[in-house]
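Order of appearance sets the numbers: ligands from 1, and atoms from 1 within every ligand.
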Amino acid sequence: MRVNLLDFDRDGLIGHCIGLGEKPFRATQLFRWMHQRGVADFSHMTDLAQSLRSKLSESAHVLPLPVISQHESADGTLKWLFDVGDGNAIESVFIPEDDRGTLCVSSQAGCAVGCRFCSTGHQGFSRNLSTAEILAQLWHAEHFLRRRQGFHERVISNVVMMGMGEPLQNYHALVPALRAMLDDHGYGISRRRLTVSTSGVVPMIDRLAQDCPVALAVSLHAPTDALRDSLVPINRKYPLVELMQACLRYLDAAPRDFITFEYCMLDGVNDQPEHARELIELMRHGAGRGVSAKFNLIPFNPFPASGLRRSDARQVQDFANRLQDQGFVTTVRKTRGDDIDAACGQLAGDVKDRTDVGKRMTRTPIMISPSSQAHHDH
Ligand code: SAH
Ligand code: SF4
């Protein structure tokens, strides 16, 4: 079996090259060819010795993910559906803005956490993605966009791990992928512009602080344990007091001086004035001392099996005002890519039913249904 070189961060690639009897700087050259220039074919890596190139072509390859489909929204949002085998598909979404380009990346096929408002959660868990499968999403998006725009410089400035899956339940594959994204010889994304979003896997928040501190977003969605238990089931294992204390600890290592709390606005469930009051109380006293917080309110993207409704815009604004009045920076997430089902909660929706995707599929059936979520901001 040939090794997929997208599975390595630079240290991993150095180890691999040493195993082939090569010097470490050769690995850096190879890493730059792959990630900075998007080259997969060893014969094009002209400053590598012929002997290394032939060694590599015998034992390794740079294997991207097969693209099932690409959709572009009227607002410029681009969504790719990738085939990860055995009937599983995952999605990535690119959101262009004036001052940045953000890619929303998936970490798992499905998700085991099972949040009530999330269709990935309803779909269940298929499997973890490998480092190569996580990184290949960025590899494809960045080099596709550069080629298309005739750019030689970076197009993607921000990455958010907010596609399908719970990144901190796929920790071992996640960390090398993050490191390759951060690496100046790789994608050179800054720590502040690389965000891991989690439903609250407390021990792994601590490990991330140690191993690879990047910006952290916590999917909170409820201010009390009783309500959060019912929306985000992992709360039963790691209740709010533990989660808030982990956030406090994370801030010591974090590249930003606040944690982003995501809050999906569900009509009549978590969007009342009392919830805003409880949320403020949680931020101030839930961990013993105050946690420096920014809020991101997400209008719920409904799907039939959820039995939940989106809060109306006035309710969302009222909630935002209550937080803001108490000094918390609060944003309401704009929905982008609605027309191509790339907004939060719409990813990988009903692939089997979408004839335009079906026609382009190289293999059937893609099992993912109904949809997942992704988030795009920062
Ligand atoms: N599993 C991680 C990261 C992926 S989910 C996490 O939960 O943080 C990314 C975000 O999308 C989460 O904040 C999640 O709550 C949100 N989300 C999921 N389903 C949604 C929906 N139907 N509408 C709006 N946001 C949703
Ligand atoms: Fe998993 Fe995140 Fe969806 Fe919850 S919101 S089910 S953790 S992907």
**Prompt:** With Phe328, which residues qualify under ring pair (Phe, Tyr, Trp, His ring centres under 6.0 Å), at least two apart?
**Reply:** Phe295

Tell me the contacting part of [X] for ligand 1: side chain, backbone, both, or neither, using a 4.0 Å heavy-atom threshold, strictly below.
X	result
Thr120	neither
Met164	neither
Glu262	side chain
Cys264	side chain

**Asked** Would you say Cys115 reaches atom 1 (Fe) of ligand 2 with an N/O/S atom under 2.8 Å?
**Response** no

**Asked** Once the angle between the rings of Trp80 and His140 is folded into 0 to 90°, is it parallel (under 30°), tilted (30 to 60°) or perpendicular (over 60°)?
**Response** perpendicular

**Fill in**
To atom 14 (C) of ligand 1, the nearest of Met265, Arg310, His221, Met162 on a heavy-atom basis is His221

**Complete:** The option among Ser119, Gly163, Ser197 carrying the non-hydrogen atom nearest to atom 4 (C) of ligand 1 is Gly163

**Prompt:** Is any N or O atom of Phe300, backbone or side chain, closer than 3.5 Å to an N or O atom of ligand 1?
**Reply:** no

**Asked** Hey, which of Gln29, His35, Arg32 is the one that makes side chain to side chain donor-acceptor pair (under 3.5 Å) with His185?
**Response** Arg32

**Fill in**
Quick note on ligand 2: atoms under 4.0 Å from a heavy atom of Gly121 include exactly 6 (S)

**Item:** Element-labelled atoms of ligand 2 that are located less than 4.0 Å from some non-hydrogen atom of Ser199
**Value:** 7 (S)

**Request:** Kindly check if the number of other-residue, nucleotide or ligand heavy atoms within 6.0 Å of CZ (Arg37) is above 12?
**Result:** no

**Fill in**
Between Arg322 and Ile280, the two heavy atoms sitting closest are O-CD1, 3.8 Å

**Message:** If we check side-chain contact (heavy atoms from CB on, under 4.5 Å) with Met204, which of these qualifies: Asp211, Leu168, Val196?
**Reply:** Leu168

**Message:** Just so I know, are the side chains of Asp271 and Leu266 near enough to count as touching, which here means a heavy-atom distance under 4.5 Å?
**Reply:** no

**Prompt:** Got a sec: is Cys111 within less than 2.8 Å of atom 3 (Fe) of ligand 2 via an N/O/S atom?
**Reply:** no

**Prompt:** Is it true that Gly114 lies under 4.0 Å from ligand 2, counting heavy atoms only?
**Reply:** yes

**Message:** Between Phe303 and His122, is the ring centroid distance below 6.0 Å?
**Reply:** yes

